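Scroll down for the structure; my scribbles are underneath it.
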2 protein chains.
Amino acid sequence: MKTKVLYIEDEPFLGRIVSETLQQQGFDLRLVADGAMVMKTLRSFHPDICVLDIMLPNVDGYTLCREIRAQNPGLPVIFLTARSETSDLVKGFEAGGTDYIKKPFSMEELIVRINNQLLLLSSLKKPLPDKDQQLGRYRLSVSRYELISPTTTHKLSAREMEILLLLTSGNNRVIERRDLLLQVWGDDSFFNSRTLDVYVRKLRSLFAEDPDIELVTLKGKGYLFLVKST
Amino acid sequence: MKTKVLYIEDEPFLGRIVSETLQQQGFDLRLVADGAMVMKTLRSFHPDICVLDIMLPNVDGYTLCREIRAQNPGLPVIFLTARSETSDLVKGFEAGGTDYIKKPFSMEELIVRINNQLLLLSSLKKPLPDKDQQLGRYRLSVSRYELISPTTTHKLSAREMEILLLLTSGNNRVIERRDLLLQVWGDDSFFNSRTLDVYVRKLRSLFAEDPDIELVTLKGKGYLFLVKST
DNA sequence: GCCAATAAAGGTTAATTAAGGTTAATGCTG
DNA sequence: CAGCATTAACCTTAATTAACCTTTATTGGC
């Protein structure tokens, strides 16, 4: 699937040039000129990265960046700006930006930096563990596809294991439902299927005997695998 | 423990200036001027990040970067260089660099970019700390989505938590209604919806049993989450 | 300056819609 | 046909909308 870039730029000429170049490079690009539309687009478009002009009418870029990061902490945001003073750059990073490019910039630099951010991010996404791990009173043996509770041992299927690992990989962070569906089935058409819910139910029933483990639903967002430590 | 920076620079004057500034900033800095020493230092010093000049005698920076990354794939490498052509920047990223700063640069920029790289790296690694907060007689467990009163525990939905956090984030400061709407729904079209009011009502009823907590309406402005401390 | 009349902002409650949960039945694929 | 994966049908609850009510501002005539 194409990498989705959300590009926020109010200046029409620059906006068009950059958009077209990035599209030629194979990015799935969405250009937004109005700051007020950004948060809405974020929810519907689900970009992999944001490129953000600082000087926008109405909203300023720093505030916008803060809002984006609050909503979606893992999303890289590259500032693209005419302001070349160091103080602006500092403000950009303070607002949660993950990179900062000064105008005039070459398209090549933008492309390289976008790819770099994506690479940094993907390398951080740790591969799913293949070792055993402790979950509350349970022990999960990844290699043997078993969930071992104090009283019984339960065999897991490949799908069950995959979903459980994704849920636990977040370290008490919310795993978006959408991400789960994409990672496990990699398909939009699954988005109205109830299959995932069936697995969630299975997992919940498996962990039922440990009150310290909870798989919380966050409606409209995703799931949170909670291990309540004492 | 201090953050360890391995700084590779052959030019003595620049090397000293930068080293001293970074040390003042609280970094544990190791300056290496000879490319041949880098890999050895890497093994003994175990830096958290590398800052690397491209133009070195004997070895070139790109090759060195490749070797560093091969040895230690998770280690961020910032290029610091006089070469300002895009082709050099591209080569830098291709060699595995994670950021690229052109000379002349301000020390502030270097510091910010170092911190940014470290932040990017650490952001997904650590589990989020349990950011609980005390609100009057209630305890709010953010990670568990619970509001714990002396008598009961109430589960909060994702929206309820989001709004409550925004309201309490201001430390007895006014949160503007339009900011709330923008942050939570990010859309102008919501500005005449009554949804927010419904949530405000829910929150008020949740805190009803504590007379020291008040969610004040400031008509035309916003809300004020008041905790009357003793 | 006082005080209705009116508008605007926000509150309340119930109904609606959409996201997700539950079970059981059906489809696959080795 | 055995065992997992998926779909279907129906249920539950969170999120939103709608309809109507209350309170606070604003304004224009006296």
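Keep in mind the model is a prediction, meaning the values are calculated, not measured. Chain A is the first sequence line, chain B the second, and so forth, proteins listed ahead of strands; every chain is numbered from 1.
The pair Asp28(A)-Lys4(A) fails the salt-bridge criterion, with no side-chain N (NZ, NE, NH1 or NH2) lying under 4.0 Å from an Asp/Glu carboxylate O.
Each of Lys155(A) and Leu196(B) was assigned the nucleotide of DNA chain D with the nearest heavy atom; the assignment lying further toward the 5' end belongs to Lys155(A).
Here dA9(C) presents its P atom at 13 Å from CG of Leu181(B), a figure rounded to the nearest Å. At whole-Å resolution of the value, NZ in Lys202(A) and P in dT6(D) are 9 Å apart. Separating the CE atom of Met161(B) from the P atom of dA14(D) is a distance of 14 Å, rounded to the nearest angstrom. Between the CG atom of Leu206(B) and the C1' atom of dA14(D) there is a distance of 14 Å, given to the nearest Å. Going from atom CZ of Arg201(A) over to atom C1' of dA24(C) covers 11 Å, rounded to whole Å. One interatomic measurement links the two molecules: OH of Tyr199(A) to C1' of dG3(D), which rounds to 11 Å at whole-angstrom precision. One atom, CD1 of Ile175(B), and another, P of dG10(C), lie 15 Å apart when rounded to the nearest Å. Atom CG in Leu203(A) sits about 12 Å away from atom P in dT22(C), given to the nearest Å.
Qualifying side chain to side chain donor-acceptor pair (under 3.5 Å) partners for Gln24(A), counting only residues two or more places apart in sequence or in other chains: none. Tyr223(B) pairs by the ring pair (Phe, Tyr, Trp, His ring centres under 6.0 Å) definition with nothing, not counting sequence neighbours.
Side-chain rings of Tyr62(B) and Phe93(B) stay apart, their centers remaining 6.0 Å or farther from each other.
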Detail all sub-3.5 Å separations between protein N/O atoms and N/O atoms belonging to nucleotides 15-20 of chain C.
| from | atom 1 | to | atom 2 | distance (Å) |
| --- | --- | --- | --- | --- |
| dA19(C) | N3 | Lys219(A) | NZ | 3.1 |
| dG20(C) | OP1 | Gly220(A) | N | 3.2 |
| dG20(C) | OP2 | Arg177(A) | NE | 3.1 |

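Between Gln117(A) and Ile78(A), the closest side-chain pair of non-hydrogen atoms falls below 4.5 Å.
Note that Lys202(B) lies in the cation-pi zone of Tyr199(B), set by a 6.0 Å cut-off to the ring centre and a 45° limit from the axis.
Between Phe79(B) and Tyr100(B), the two ring planes are tilted [angle within 30° to 60°].
Counting non-hydrogen atoms under 4.0 angstrom, Val200(B) reaches nothing in the nucleic acid.
Nearest nucleotide to the Ser157(A) side chain, out of dT17(D), dC4(D), dT22(C): dC4(D).
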